[in-house]
Asks: 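Here you go, one structure.
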Amino acid sequence: MLSLIWTLIIGGVIGAIAGAITSRNLPLGWIGNIVAGLVGAWLGQALLGSWGPQLAEIAIVPAVVGAVILVFLVSLLTRGLAS
């Protein structure tokens with residue numbers, strides 16, 4: 001149970017970092033950050049592997065790179081749909 005909580009916290013922080021790097025806001029606030037962090041971590045580790053420092057079994061550097069890509073793509077899609 002505690003590992004799930006840590007995973008959600010790390011996912012939220014990674015999503016917040018990705019939002020800060022791209023200067024774009026995600027829908028749903030912290031829930032969006034957690035989802036973007038976790039999906040971005042999966043995407044980054046699938047593309048770049050599991051290298052670098054790890055917290056809660058998430059490789060931080062590939063997770064941030066994957067989350068930045070995901071946040072950028074989602075912001076483009078939501079901006080395109082809102083227009």
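Throughout, residue positions are numbered sequentially from 1 according to the sequence presented.
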Asks: Starting at CD1 of Ile34, measure out to CD1 of Ile9 and round the result to the nearest 0.5 Å.
Replies: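 Ile34 atom CD1 to Ile9 atom CD1 measures 8.5 Å (nearest 0.5 Å).
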Asks: Nearest 0.5 angstrom please: Leu43 CG to Leu48 CG, how far?
Replies: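 Atom-to-atom, Leu43:CG and Leu48:CG are 8.5 Å apart.
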Asks: Can you tell me how far apart CG (Leu77) and CZ (Phe72) are? Round to the nearest 0.5 Å.
Replies: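 So the CG of Leu77 and the CZ of Phe72 are separated by 10.5 Å.
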Asks: Rounded to the nearest 0.5 Å, how far does OG1 of Thr7 lie from CD1 of Ile58?
Replies: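 Interatomic distance, Ile58 CD1 to Thr7 OG1, rounded to 0.5 Å: 5.5 Å.
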Asks: Counting C-beta onward and ignoring hydrogens, is there a side-chain heavy-atom pair between Val13 and Leu55 closer than 4.5 Å?
Replies: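 Side chain of Val13 against side chain of Leu55, heavy atoms only: no contact under 4.5 Å found.
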Asks: Between Val71 and Val39, is there a shared hydrophobic cluster once you connect ILVMFWY residues whose side-chain heavy atoms come closer than 4.5 Å?
Replies: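 Per the 4.5 Å side-chain linkage, Val71 and Val39 are co-clustered.
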Asks: Which heavy-atom pair separates Glu57 from Gln45 by the least distance, and what is that distance?
Replies: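 Glu57 and Gln45 have their closest heavy atoms at O-NE2, 4.1 Å.
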Asks: Gln54: which residues meet the side-chain contact (heavy atoms from CB on, under 4.5 Å) condition with it, sequence neighbours left out?
Replies: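 Result, side-chain contact (heavy atoms from CB on, under 4.5 Å) vs Gln54: Ser50, Ala59.
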Asks: What's the separation between atom CG in Leu38 and atom CD1 in Ile10, rounded to the nearest 0.5 Å?
Replies: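 CD1 of Ile10 is found 10.0 Å from CG of Leu38.
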Asks: Kindly give the heavy-atom pair with the smallest separation between Gly49 and Pro62, and that separation in Å.
Replies: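 So the minimum-distance heavy-atom pair works out to O-CG, 3.3 Å.
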Asks: Might you point out which heavy atoms bring Ile14 and Ala67 nearest each other, and give the distance in Å?
Replies: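 Heavy atoms of Ile14 and Ala67 come nearest at CG2-CB, 3.8 Å.
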Asks: Let's go through Leu47 and Val65 carefully: what are the C-alpha distance in whole Å and the side-chain angles of both, what is the deciding distance for side-chain contact (heavy atoms from CB on, under 4.5 Å) to 0.1 Å, and is it a yes or a no?
Replies: CA-CA 10 Å; Leu47 293 174; Val65 172; over 6 Å; no
Asks: Checking Leu73 now: which residues fulfil side-chain contact (heavy atoms from CB on, under 4.5 Å) with it, not counting sequence neighbours?
Replies: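 So Leu73 forms a side-chain contact (heavy atoms from CB on, under 4.5 Å) with Ile69.
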